[in-house]
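Working notes, structure below.
One-based numbering, in listed order, for ligands and for the atoms of each. All residue numbers refer to positions in the sequence shown, counting from 1.
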Amino acid sequence: MRDRYQQLVSSAPGRFVARRVGLPEPPTLRRHQAGDPVAAGPVVLGPTPAVVDVPGTPVPGTPVAGASVGGGAGGRLVKVIRPMLTAAGVVVREPRAEARPNDPRPHALVFDATGLTRSDQLHALFDFFGPQVRSIAPGGRIVVLGTPPEECADSREATAQRALEGFTRSAGKEIKRGVTTQLVYVSRGAEDGVESTLRFVLSGRSAYVSGQVIRVGASAGSRPDDWQRPLAGKIAVVTGAARGIGEAIVDVLARDGAHVVCVDVPSAGSSLAEVAGRANGSTLTLDVTAEDAGRTLAEHLPDGVDVFVHNAGVTRDRTLGRMDAARWDLVLDVNLSSEERINDVLLDGGLLRAGGRIVATSSMAGIAGNPGQTNYATSKAGVIGMVQSLAPVLAARGGTINAVAPGFIETQMTAAIPLVIREAGRRMNSMTQGGLPVDVAETIAWFAAPASAGLNGNVVRVCGQSLLGA
Ligand code: NAD
């Protein structure tokens, strides 16, 4: 789906005018379609296993040294990832000093930076990405893998690893054409658990996720028998399922094999039934703010639930001086307090099955703030606090809790924003366009997958790398 401006600048006269006056030209994002491979082309993986630590000009067409520059040891991930990618059908290529004739453009450049223990070794990033970055295909991927700074052996290593964040965020802002960049910090001992994240960040499922720092911790996840249906046999609940992002979450979780219980307010009953019918799911009309919402959910789910998605949300915008208590209270109750009450039933009441997943919907507003949205931003920042504080509780039960923070997503909620603010919201990101509900849904499905057990307490923005909020 393209917005009207995108349609205009993708026509020949529109493109001509846009280029002349320097207007943005939003790229067409390649989103995942059924049957798509994990990567749309070869993936260049570095550093090479045989690290050559000698200065000098590499012979054209031969592997470049990668992390060898500055004396850094090879990373601990590259040898784990290579067979993972190959098994996923990805063509893995060595980094080359110069492109060979007829070389297909790489879809992704993946660099294992876990071997960088001193700041002077960061030169390896320049060596690896510099010669290759311009050849990356439109809609390609840049992925840097690191060690969480807080787990590093000393200050020097923590400094080098923390520096990776500036590199990936800047690369994302610099390289256009729908290329995304991510930094994935992988805890020691969590090497085997990185597969679901690699598959997500390389594929079209993450088309509108860029500039993110993702943390994969050590946890015993299970690889699915079928990566196309990782949620087969699971029960998922999605609140606010009747339309917008919730509707897309239902579609994607059902596609991944889950039986989805679709929850929304009674007044949304007919569209809720339509959404659930299409997904072979079931409906539960329920106002999540009702005092007995938790009990109703428990009665409706005698076998418990594997995946609970807190998606229902409302806005009632007013500047603080004009805000009435009803607007404040409603937004806080729907977007935050009701989720806490339901979590009590999921956790203390035992409704969430062993290894269960909770995914909550925050917002860019909860990270960056937004004029006219003190109530909304308070609730959505609270969601982040809820996720981060409950992560250890979930971990103790073998489960996880994570949040997505959407930026500008094309839904009825954002269609109600005044035109000029709406247009600014759409363009102020590295993709120069709004995201689609499916972009948020794919990110939630990644968190929900059994193989994502190492993702806990993450807040991942689905915002096309919005300029707001870092
Ligand atoms: P939407 O308004 O299109 O849909 C929200 C759904 O939640 C509706 O079906 C509504 O009936 C339901 N709902 C509202 N109150 C409820 C209640 N008390 N009980 C049960 N259901 C209730 O919104 P959307 O754009 O699809 O947003 C979905 C979520 O994503 C929300 O939490 C929103 O805050 C968040 N979000 C959206 C955007 C965006 O750009 N659209 C950006 C950031 C965050």
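Between the side chains of S187 and E151, a donor-acceptor pair is found at a separation under 3.5 Å. Using a 3.5 Å distance cut-off with no hydrogens or angles, the side chains of R105 and S135 do not pair a donor with an acceptor.
In this structure, W446 and F200 have parallel ring planes: the angle between them is below the 30° cut-off, well short of the 60° mark.
Take T374 and apply the side-chain contact (heavy atoms from CB on, under 4.5 Å) test, not counting sequence neighbours, and it matches L320, M323, W328. Contacts of H107 classified as ring-ring contact (aromatic ring centres under 6.0 Å, His included), with partners at least two apart in sequence or in another chain: none. D329 pairs by the side-chain contact (heavy atoms from CB on, under 4.5 Å) definition with A325, not counting sequence neighbours.
Listed as neighbours of ligand 1 are G240, A242, R243, G244, I245, D264, V265, L286, D287, V288, N311, A312, G313, V314, V334, T361, S362, S363, Y376, K380, P406, G407, F408, I409, T411, M413, T414, each bearing a heavy atom under 4.0 Å from the ligand.
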